[in-house]
Amino acid sequence: MNQEPIKKEKILEELIEFKEKDLKFSDGRILGSMCTSANSLAKKVFYDFLDSNLGDPGLFEGTQSLEEEVINDIGSLLSLEKPYGNIVTGGTEANLMAIRAARNLAREEKNIGNIAADEYIVPELIVPKSAHFSFEKAADVLSLKLVEADLDENYQVDIGSVKDNINDNTIAIVGIAGTTELGVIDPIKDLSKIATRNNIYLHVDAAFGGFSIPFLKDLGYEIPKFDFSLDGVCSITVDPHKMGLAPIPSGCILFRDKKYLEIMAVEAPYLTTKEQSTLVGTRLGAPVAATWAVMQYMGREGYGENANECMINTHFLADSLSKEGFELTVEPKLNIVSFNHPKIPTDDLAKMLEKEGWMVSVSSYPKAIRIILMNHIKHNHMVEFLDTLDEIKANLDIK
Ligand code: 0PR
């Protein structure tokens, strides 16, 4: 570290050099990211609330009220009149909070995972094979056995496999509304029935889909129920910093009942609130205010337009790829296109695309090129991308 202070201008100048090495969403070359450039009003608001700390909310009552309003607004999107929850750093923390609530509840109500019990029972968590790796972290942190349910031919969780994996030690089942790799929506209604029948906690990970499915439904897209309108759903993760256009870090965990927050509360005797259920202590108010602002600014209509435009680009890309001899893994339900070419190994294709400046990602199951059509990807970018694919095929002598 420097001994003498450095002038502001010099610091800012130096930072430009670093920033220039970063890719920009607006260039339309980042094809594998679920994040995008945040709404500009939200960025300004974020800065205005940088000093606010929701770890001690009595000091920042205005920001606390904003959090209550955001939670209520997201709850109403997901068919829950009185939701409980928090704005957190993202999907990982939201999923961890949900599974912690489920674990603590099972410990109290079923004596599973109770270190004070005569015999310690290892709690089990059932997730679809397609679940985001954040559940692996949750299982590790909470000392759970992670049980992967199989997928069916459409890459949705196989209900039979979930049923087969349930036993007396199961503390929660997870369903996904918008899988990370394919954007697939699990049959949450069936999971809800199973969870209710077996008295097991059901968490829905809608980190990606939560800020598009409700609006696409408004517009007439046929998407089955996935939210709190299904009785068995206890909690939902939805990330404003993905399709919600909020700045990073903004995730949201919603619970159906206050008891889920209470079961993880620890005492915080010297703070302005005497209990805390969130994982982090000192907690940024900035993402809360920024998420509040962008939600007001967009409204249902604005988010509808955003989700619809992403879907139009998705269908354009998917249809064009099919015509050009590429094979789609699934028909896209949300704004992710996953494809392969029968004659080009996927990793080779990804490398060739990257050499031409296209930052794609490769999914693991099944292995495929994965394109996420966030709103920084415009029609012209996709036309250029298809041109690059044409050139690659021509260079390899593929018709
Ligand atoms: N649940 C689902 C369904 C997700 O897709 C993700 C992340 C999470 C939970 C975890 O969310 P956080 O990353 O906010 O904690 N999905 C993206 C992914 O892993 C995250 C991402 C975003 C990765 C932008 C890369 C990137 O450039 O693909």
Side-chain angles (χ1 to χ4, degrees), residues 22-38 74 78 86-100 125 127-141 146 148 151 155-157 172 174-186 188 191 203-213 226-227 235-254 278-280 284 287 290-291 310 332-338 350 354 358-365 368-377:
D22 288 352
L23 297 181
K24 287 197 285 294
F25 285 115
S26 56
D27 289 341
R29 293 300 186 265
I30 302 178
L31 302 185
S33 167
M34 283 187 174
C35 294
T36 188
S37 188
I74 300 180
L78 302 176
N86 292 100
I87 295 296
V88 294
T89 52
T92 301
E93 192 184 341
N95 286 339
L96 182 51
M97 272 181 79
I99 303 308
R100 179 171 173 233
L125 170 66
V127 302
K129 192 177 157 59
S130 52
H132 185 257
F133 53 75
S134 48
F135 291 102
E136 213 178 308
K137 296 181 186 174
D140 188 28
V141 171
L146 193 66
E148 285 192 352
L151 306 185
Y155 299 97
Q156 291 176 302
V157 72
V174 171
I176 310 168
T179 58
T180 306
E181 298 202 319
L182 299 174
V184 163
I185 302 166
D186 285 329
I188 309 293
L191 292 177
H203 173 64
V204 174
D205 182 357
F208 181 59
F211 259 97
S212 60
I213 299 172
F226 76 106
D227 63 12
S235 54
I236 302 183
T237 287
V238 39
D239 277 356
H241 73 198
K242 296 191 168 82
M243 287 298 284
L245 307 177
I248 303 165
S250 184
C252 175
I253 179 66
L254 288 187
T278 48
L279 290 162
V280 294
L284 256 181
T291 302
C310 293
K333 287 280 183 299
L334 295 177
N335 45 322
I336 299 182
V337 174
S338 162
E354 199 172 320
W358 297 103
M359 303 305 285
V360 296
S361 65
V362 176
S363 63
S364 65
Y365 186 76
I369 305 280
R370 162 182 178 257
I371 308 283
I372 305 165
L373 284 294
M374 298 301 286
N375 84 341
H376 59 270
I377 312 293

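In each ligand, atom 1 is the first atom listed, and ligand 1 is the first ligand listed.
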Exercise. Going by atom types only, do Ser363 and Ser338 share a side-chain donor-acceptor pair under 3.5 Å?
Worked result: no
For this session: Calculate, to the nearest 0.5 Å, the distance between atoms CZ and CG belonging to Phe211 and Leu245 respectively.
Result: 8.5 Å
Problem set entry | Sub-4.5 Å side-chain heavy-atom contact between Val157 and Ile176 | no
Seminar exercise, completed: Heavy-atom contacts under 4.0 Å to ligand 1, chain-then-number order, include exactly Ser33, Met34, Cys35, Gly90, Gly91, Thr92, Asn95, His132, Ser134, Gly178, Thr180, Asp205, Ala207, Asp239, His241, Lys242, Arg370
Exercise. Hey, what's the ring geometry for Tyr155 with Tyr365, parallel, tilted or perpendicular (30° and 60° as the breaks)?
Worked result: perpendicular
Exercise. Looking only at side chains, do His376 and Thr36 share a donor and an acceptor under 3.5 Å apart?
Worked result: yes
For this session: Only pairs at least two apart or in different chains count here, so list each side chain to side chain donor-acceptor pair (under 3.5 Å) that has a residue in residues 24-34.
Result: Arg29-Glu384
